[in-house]
Amino acid sequence: MAEEAKWYVAHTYSGYENTVKATIEKAVENRNMGELIQAVNIPLETVTEITETGAKTVERKVFPGYVLVKMVMTDETWHLVRNVRGVTGFVGSGNKAIPLTDAEIAAMGVEKREVLVNYEVGSSVRITEGALESFLGTVEEIDTEREKVRVVVSMFGRETPVELDLDQIESI
C-alpha cells in the first residue's frame with residue numbers, strides 16, 4: 001500500500017501551515033495511520049534579508065497557505081486531513097483531490113531522489129537519451145546537487161561539452 005502513496009496539496013488559512021502540519025502528524029500518530037499518511041511537508045526556502053542591522057538568514061514558506069501531504073487517498077485519510085482545523089480543502093476539482101506529478105515534486109525539491117552513478121570524472125560513457133543518443137564521450141564534471149553531468153563529446157572533429165542529467169548516460 002505504501003507504493004500507492006502520492007503527494008497531495010491541502011489548502012490552509014494563511015499562517016496556519018505549522019499548526020495544520022502538527023495536527024495532522026499528531027492525528028496520524030494517535031490513530032496509527034503511519035502507513036496511510038506517510039509525510040507532511042511545508043516547503044521552505046532559505047533567504048538572506050538585508051536590514052539596517054545587517055544581513056540575516058531566514059526561512060520563508062515557498063507556498064504560503066499550502067501544506068503537502070504524502071498519503072494513500074482513502075475516505076478515512078481524506079476526512080482526517082480535510083477536518084483538521086485550518087484546512088479549507090484539497091487542491092483539485094470539486095471534492096476530488098488531484099495528486100502532484102513526479103515532475104512537480106522533483107521541481108519543488110520535496111523528495112530527493114538518489115541517482116547512483118557507476119562512472120566518475122574521466123570515465124568513457126555513452127549517451128542513452130536525447131538528441132545526442134548513442135554518442136560516446138568523456139565525463140568532465142559531475143554535479144550531484146543539480147543532478148547534472150558534463151560530458152565532452154567529439155562532434156565534427158571538435159570537442160564539445162554537453163550538460164546532461166545523471167541518468168542520461170551509461171558507463172561503457
Side-chain angles (χ1 to χ4, degrees), residues 1-117 121 129-130 140-150 161-169:
M1 205 179 259
E3 292 83 38
E4 295 176 25
K6 297 192 182 314
W7 284 99
Y8 293 89
V9 181
H11 188 266
T12 67
Y13 294 132
S14 187
Y16 274 72
E17 300 90 351
N18 294 334
T19 306
V20 166
K21 178 180 190 236
T23 305
I24 292 171
E25 288 172 343
K26 190 71 172 164
V28 166
E29 186 181 314
N30 290 342
R31 297 181 187 185
N32 290 326
M33 294 177 66
E35 295 269 323
L36 297 174
I37 299 178
Q38 299 172 356
V40 183
N41 190 319
I42 302 169
L44 300 171
E45 64 183 349
T46 305
V47 180
T48 304
E49 292 181 348
I50 309 296
T51 61
E52 295 92 38
T53 59
K56 68 177 184 177
T57 304
V58 294
E59 284 198 328
R60 193 166 44 196
K61 293 177 181 81
V62 179
F63 305 109
Y66 295 96
V67 174
L68 304 177
V69 183
K70 185 174 186 176
M71 64 184 197
V72 177
M73 184 59 80
T74 65
D75 287 345
E76 190 179 6
T77 58
W78 186 89
H79 283 289
L80 184 144
V81 175
R82 182 63 186 87
N83 293 326
V84 166
R85 182 186 196 117
V87 173
T88 60
F90 282 100
V91 173
S93 59
N95 280 344
K96 176 114 173 74
I98 298 175
L100 294 172
T101 64
D102 291 340
E104 290 168 331
I105 293 163
M108 284 191 275
V110 174
E111 262 184 359
K112 297 286 184 206
R113 22 176 222 121
E114 204 172 301
V115 178
L116 298 173
V117 294
V121 174
E129 294 178 19
E140 187 177 71
E141 179 185 344
I142 300 174
D143 185 351
T144 53
E145 192 102 343
R146 292 179 39 236
E147 295 187 8
K148 298 287 184 186
V149 61
R150 186 173 328 138
V162 180
E163 188 173 87
L164 301 163
D165 292 333
L166 289 176
D167 58 357
Q168 286 185 300
I169 63 173

Please table the atom pairs, donor to acceptor, closer than 3.5 Å between any side-chain atom in residues 11-19 and protein atoms at least two apart or in another chain.
unit_1	atom_1	unit_2	atom_2	d
H11	ND1	T88	OG1	2.5
T12	OG1	G65	O	3.3
E17	OE1	G15	N	3.2
E17	OE2	G65	N	2.5

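Using a 4.5 Å heavy-atom cutoff, the side chains of T46 and L44 are not in contact. Side-chain contact check for V69 versus I37: some heavy-atom pair is nearer than 4.5 Å. Two residues are said to be in side-chain contact when any heavy atoms from C-beta on lie closer than 4.5 Å; K148 and D165 meet this criterion. Contact of the L68 side chain with the V40 side chain is not registered, since no non-hydrogen atoms from C-beta on lie closer than 4.5 Å. Contact check for W78 versus E76: no side-chain heavy atoms found under the 4.5 Å cut-off. Proximity of K56 to T48: side-chain heavy atoms (C-beta onward) are nowhere separated by under 4.5 Å. Looking at heavy atoms from C-beta onward, M71 lies in side-chain contact with M73 at the 4.5 angstrom threshold.
Residues satisfying the salt bridge (Lys or Arg N to Asp or Glu O under 4.0 Å) test with D143, not counting sequence neighbours, are R146. In this view, R82 satisfies the salt bridge (Lys or Arg N to Asp or Glu O under 4.0 Å) rule with no residue, not counting sequence neighbours.
Here the closest heavy-atom approach between residue G34 and residue V28 is recorded as N-CG1, 3.6 Å. Between A55 and I50, the shortest heavy-atom distance links the atoms CB-CD1, 3.7 Å. Taking every heavy atom of both residues into account, F63 and P43 meet most closely at CD1-CG, 3.9 Å. Residues I98 and S93 share a closest heavy-atom pair of CD1-N, 4.0 Å.
The structure places NZ of K70 at 11.5 Å from CG of L100, a figure rounded to the nearest 0.5 Å. Expressed to the nearest 0.5 Å, how far CG of N41 lies from OH of Y66 amounts to 16.0 Å. Atom-to-atom distance recorded for E140:CD and E163:CD is 11.0 Å, nearest 0.5 angstrom. Of the inter-residue distances, the one linking E49 atom CD with T57 atom OG1 reads 9.0 Å to the nearest 0.5 angstrom. A distance of 6.0 Å separates CE in M33 from OG1 in T77, rounded to the nearest 0.5 Å.
Salt bridge present: R60 and E45 bring a charged side-chain N and a carboxylate O closer than 4.0 Å.
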* To do: I would like to know whether L166 and I142 meet side chain to side chain contact (heavy atoms under 4.5 Å, CB included); could you show each step before the answer?
  => CA-CA 8 Å; L166 289 176; I142 300 174; 3.9 Å; yes
* Asked: So K61 and I42, side chain to side chain contact (heavy atoms under 4.5 Å, CB included) or not? Walk me through it.
  -> CA-CA 7 Å; K61 293 177 181 81; I42 302 169; 4.0 Å; yes
* Carefully, step by step, assess T23 and V20 under the rule side chain to side chain contact (heavy atoms under 4.5 Å, CB included). => CA-CA 5 Å; T23 305; V20 166; 5.8 Å; no
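The environment of K26 atom NZ is sparse: at most 12 non-hydrogen atoms of other residues, nucleotides or ligands sit within 6.0 angstrom. In D75, the CG atom is not crowded: 12 or fewer heavy atoms of neighbouring residues, nucleotides or ligands sit closer than 6.0 Å.
Between the side chain of E25 and the backbone N or O of A22, no donor-acceptor pair lies under 3.5 Å.
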